[in-house]
Trainee: 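Dropping a structure here in structure tokens format, bear with me for questions.
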Amino acid sequence: MKKILLINLLLGLFLFSENVFSKESNYLEEGIKHFNNDDFEKSKFFFEKALVFNPKSETSYLYLAKIFNKRENSEEEELNLNNVLLLNPQNDEAIYMLTLIKIDKSDYNEAEALINKFNLVCKSFCSKKKEINLKFEKLNPENAKNNN
């Protein structure tokens, strides 16, 4: 009797977890679809729903950061990028985006650390190295002294 109850319980948990992951996946797909159509309000809603079902959805946090970037809300963008990097410290796109924020805020030390990290882990965003280095050079205090 106990074995049957245990089997039923495990089967129920399995089916429940499959349903949860399926919903998270659907919300993520819908969010990406709306994001690609520039419907940021709807996409934000779907990414937030995906996070309810899977709080460790790196992709949802990354897209939320992109939405806040489009809305020019750097505080919320940075918060979501930090969540991405907590889940995956080697996400080169998140490092790139966060570096741009730090450069815009003239945070030289943090930008430098992020660039060094970016150079170590870049995979899909390696083409952005030149751009990020040029922006960083403008921020560099040594270059500012030499220009005066």
Trainee: Please walk me through it: do Lys102 and Glu112 pass salt bridge (charged side-chain N to carboxylate O under 4.0 Å, His left out)?
Mentor: CA-CA 9 Å; Lys102 296 301 180 180; Glu112 182 178 42; over 6 Å; no
Trainee: Would you compute the distance between atom NZ of Lys135 and atom CG of Asn133 and round it to the nearest 0.5 angstrom?
Mentor: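 That separation rounds to 12.0 Å.
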Trainee: Would you call Leu134 and Lys138 a side-chain contact if the rule is heavy atoms closer than 4.5 Å?
Mentor: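 With C-beta onward as the side chain, the pair stays apart.
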Trainee: Counting only heavy atoms not in Glu131 (residues, nucleotides, ligands), do more than 12 fall under 6.0 Å from its CD?
Mentor: yes
Trainee: To the nearest 0.5 Å, what is the distance between CD1 (Ile67) and CG (Leu62)?
Mentor: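 Separation between the atoms: 10.0 Å.
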Trainee: I want to check something: taking the side chain as every heavy atom from C-beta on, are Lys128 and Cys122 in contact at a cut-off of under 4.5 Å?
Mentor: no
Trainee: Tyr27 and Phe46: which non-hydrogen atoms are nearest, and at how many Å?
Mentor: O-CB, 3.3 Å
Trainee: Do the side chains of Met97 and Leu86 join up, straight or via other hydrophobic residues, at under 4.5 Å, putting them in one cluster?
Mentor: no
Trainee: Identify whether the distance between the nearest side-chain nitrogen and carboxylate oxygen of Lys44 and Glu76 falls below 4.0 Å.
Mentor: no
Trainee: Looking at Ala65, is its backbone amide N or carbonyl O close enough to the side chain of Asn69 to form a donor-acceptor pair, meaning the two atoms are under 3.5 Å apart?
Mentor: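 Checking the backbone N and O of Ala65 against the side chain of Asn69, no donor-acceptor pair under 3.5 Å is found.
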Trainee: Measuring from atom CG of Leu28 to atom CZ of Phe53, what distance do you get when rounded to the nearest 0.5 angstrom?
Mentor: 13.0 Å
Trainee: With ring centroids as reference points, do Phe136 and Tyr108 lie under 6.0 angstrom apart?
Mentor: yes
Trainee: If the test is side chain to side chain contact (heavy atoms under 4.5 Å, CB included), which one of Asp92, Leu98, Ile95, Thr99 qualifies with Lys117?
Mentor: Ile95
Trainee: Donor-acceptor check, side chain of Asn88 to backbone of Val84, threshold 3.5 angstrom: yes or no?
Mentor: no
Trainee: Could you measure the distance from the CG atom of Asn83 to the CG atom of Asn91? Nearest 0.5 Å is fine.
Mentor: 12.0 Å
Trainee: Let's go through Phe47 and Ile32 carefully: what are the C-alpha distance in whole Å and the side-chain angles of both, what is the deciding distance for side-chain contact (heavy atoms from CB on, under 4.5 Å) to 0.1 Å, and is it a yes or a no?
Mentor: CA-CA 8 Å; Phe47 292 128; Ile32 292 170; 3.9 Å; yes
Trainee: From Asn82 CG over to Leu87 CG, what is the distance, rounded to the nearest 0.5 angstrom?
Mentor: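 The CG atom of Asn82 sits 11.0 Å away from the CG atom of Leu87.
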Trainee: Looking at every heavy atom in both Ala50 and Ser60, which two are closest together, and how far apart are they?
Mentor: CB-OG, 3.5 Å
Trainee: Over all heavy atoms of both residues, which pair between Leu85 and Ala94 is shortest? Give the atoms and the distance, please.
Mentor: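 In terms of heavy atoms, the two residues are closest at CD2-CB, 3.9 Å.
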Trainee: Is there a side-chain contact between Leu79 and Leu64 (heavy atoms, below 4.5 Å)?
Mentor: no
Trainee: Please report the interatomic distance CG(Asn80) to NZ(Lys66), rounded to the nearest 0.5 Å.
Mentor: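 NZ of Lys66 is found 12.5 Å from CG of Asn80.
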Trainee: Would Arg71 and Glu77 pass as an ion pair if we require N to O under 4.0 Å?
Mentor: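 The answer is no: the pair does not qualify as a salt bridge.
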Trainee: Taking the side chain as C-beta and beyond, is there a heavy-atom pair between Glu29 and Asn26 under 4.5 Å?
Mentor: yes
Trainee: For Lys70, is the NZ atom crowded, meaning more than 12 foreign heavy atoms sit under 6.0 Å from it?
Mentor: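 12 or below, so no.
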Trainee: Test of understanding: with ring-ring contact (aromatic ring centres under 6.0 Å, His included), list the residues that count as partners of Tyr61, not counting sequence neighbours.
Mentor: none
Trainee: Got a sec, which residues hit ring-ring contact (aromatic ring centres under 6.0 Å, His included) with Phe35, two or more places apart in sequence or on another chain?
Mentor: Phe40, Tyr63
Trainee: Just grab all the ring pair (Phe, Tyr, Trp, His ring centres under 6.0 Å) pairs involving residues 64-94, residues at least two apart or on different chains.
Mentor: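 Non-adjacent pairs meeting ring pair (Phe, Tyr, Trp, His ring centres under 6.0 Å): zero.
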